[in-house]
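Labels below follow one simple rule: chain letters A, B, ... track the order of the sequence lines, proteins then strands, and each chain is numbered from 1. These numbers come from a predicted model, not from an experiment.
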There are 2 protein chains.
Amino acid sequence: MEQSDLCPRLQKGMDLIGKRWIGLIIYQLLAGPQRFCAVQAALPISGRLLSERFKDLENEGIVTRVVYPEIPVRIEYSLTEKGRALEPVVREIQRWSQDWIQIEQAVVSSE
Amino acid sequence: MEQSDLCPRLQKGMDLIGKRWIGLIIYQLLAGPQRFCAVQAALPISGRLLSERFKDLENEGIVTRVVYPEIPVRIEYSLTEKGRALEPVVREIQRWSQDWIQIEQAVVSSE
DNA sequence: AACCTTCGTTACTATTAGTAACTAATTATA
DNA sequence: TATAATTAGTTACTAATAGTAACGAAGGTT
């Protein structure tokens, strides 16, 4: 494993979106800032991993975390400009999925 | 982990491209049909995983595997129509990476 | 006091990734 | 004839990541 002239930026970008849950988390946040439990409710992801992913995304400058010291504390996650710039990527994945992925229906009986 | 009304197609699509190496393998094959060792030489991926990923991609109908019984056997992997349809996704990831990812340069000294 | 909510963390198991050595078929080289 | 080389993998093993479940802290409510 010692190559190559592969563009290191593309490599980093692919590593980022080629990581479980990242795409769907960004898709969720494209709908607007959301709190932890809202994202968790929208996706089949556990709290442990969501917490880990939010930290990664903060470190990458894709997501910001804002604390509102309210009744029970409210913490909102939202996309930065860098994060919103991923919208075309998500849109293209969405389009491809609609065009090329079919859902297999459970068939009860053909009688 | 029991939700939601998330589109199952998008979920499947995200699962697919949100898997390590998949994006870069497709990026490589967009340059044209290639043999196993060429893809391996172009990416920092081991034979074991590349073999596994090609099998997955064949099962998904994204890649086809053609055997040419030549001098040493030649086996070429290429994208199907479904695979080529991922080009816009790859292009958008490429564009985003160019725009938003910077490479940290190693600095020897500032003297 | 006992319980609820939100936003996590900790501890543990299961799955996936990475590394290295090996195989089979054929061909080239010493 | 043995030795090595190439292609396309596989096998065996270790390391890293994901998934599950239970717990914790900081408040508020009953």
For a 4.5 angstrom cut-off between non-hydrogen side-chain atoms, does P44(A) reach Q11(B)? yes

Less than 4.5 Å apart, any side-chain heavy atom of L6(B) and any of L43(A)? yes

State, without any angle test, whether S78(A) and T64(A) hold a side-chain donor-acceptor pair at a distance under 3.5 Å. yes

State, without any angle test, whether R95(B) and Q98(B) hold a side-chain donor-acceptor pair at a distance under 3.5 Å. no

Give me each pair satisfying salt bridge (charged side-chain N to carboxylate O under 4.0 Å, His left out) with a member in residues 11-24 of chain A, each pair once, sequence neighbours excluded. D15(A)-R20(B), R20(A)-D15(B)

Would you mind listing every salt bridge (charged side-chain N to carboxylate O under 4.0 Å, His left out) that reaches into residues 40-50 of chain A, with sequence neighbours excluded? R48(A)-E52(A)

Side chain of C37(B) only, please: which of dA17(C), dG19(D), dT7(D) is the nearest? dT7(D)

Rounding to a whole Å, what distance do you find between [X]:[atom1] and [N]:[atom2]?
{"X": "L50(A)", "N": "dC7(C)", "atom1": "CG", "atom2": "P", "value": "10 Å"}
{"X": "D56(A)", "N": "dT17(D)", "atom1": "CG", "atom2": "P", "value": "10 Å"}
{"X": "I45(A)", "N": "dA18(D)", "atom1": "CD1", "atom2": "C1'", "value": "10 Å"}
{"X": "Q34(A)", "N": "dT6(C)", "atom1": "CD", "atom2": "P", "value": "14 Å"}
{"X": "F54(B)", "N": "dA8(D)", "atom1": "CZ", "atom2": "P", "value": "10 Å"}
{"X": "F36(A)", "N": "dA25(D)", "atom1": "CZ", "atom2": "C1'", "value": "15 Å"}
{"X": "R74(A)", "N": "dG8(C)", "atom1": "CZ", "atom2": "P", "value": "14 Å"}
{"X": "L49(B)", "N": "dT16(C)", "atom1": "CG", "atom2": "C1'", "value": "8 Å"}

Report yes if at least one side-chain N or O of [X] is closer than 4.0 Å to OP1 or OP2 of [N]; otherwise report no.
{"X": "K55(A)", "N": "dC7(C)", "value": "no"}
{"X": "W21(A)", "N": "dT17(D)", "value": "no"}
{"X": "S51(A)", "N": "dT9(C)", "value": "yes"}

Which residue lies toward the 5' end of DNA chain D, R35(B) or E52(B), if each is placed at its nearest nucleotide? R35(B)

Residues touching DNA chain C, which here means a heavy atom under 4.0 Å, drawn from residues 58-70 of chain A: R65(A)

R48(A) (side chain) and dG8(C) (base): donor-acceptor pair under 3.5 Å: no

Need one value for Y77(A): base, sugar-phosphate or nothing, where a base atom within 4.0 Å counts as base even if backbone is also close, heavy atoms only. sugar-phosphate

What distance separates R65(A) CZ from Y77(A) OH, expressed to the nearest 0.5 Å? 4.5 Å

Sorted by chain and residue number, the side-chain hydrogen bond (donor to acceptor under 3.5 Å, both in side chains) partners of R84(B) (sequence neighbours excluded) come out as none

Expected output is a numbered-order residue list: members of residues 12-20 of chain B with a heavy atom under 4.0 Å from any atom of DNA chain D. What is it? none

Report all side-chain donor-acceptor pairs from residues 24-38 of chain B shorter than 3.5 Å, counting only partners two or more places apart or in another chain.
unit_1: Q34(B); atom_1: NE2; unit_2: Q28(B); atom_2: O; d: 2.7
unit_1: Q34(B); atom_1: NE2; unit_2: G32(B); atom_2: O; d: 3.1

Within a radius of less than 6.0 Å around CD of E70(A), do more than 12 heavy atoms belonging to other residues, nucleotides or ligands occur? yes

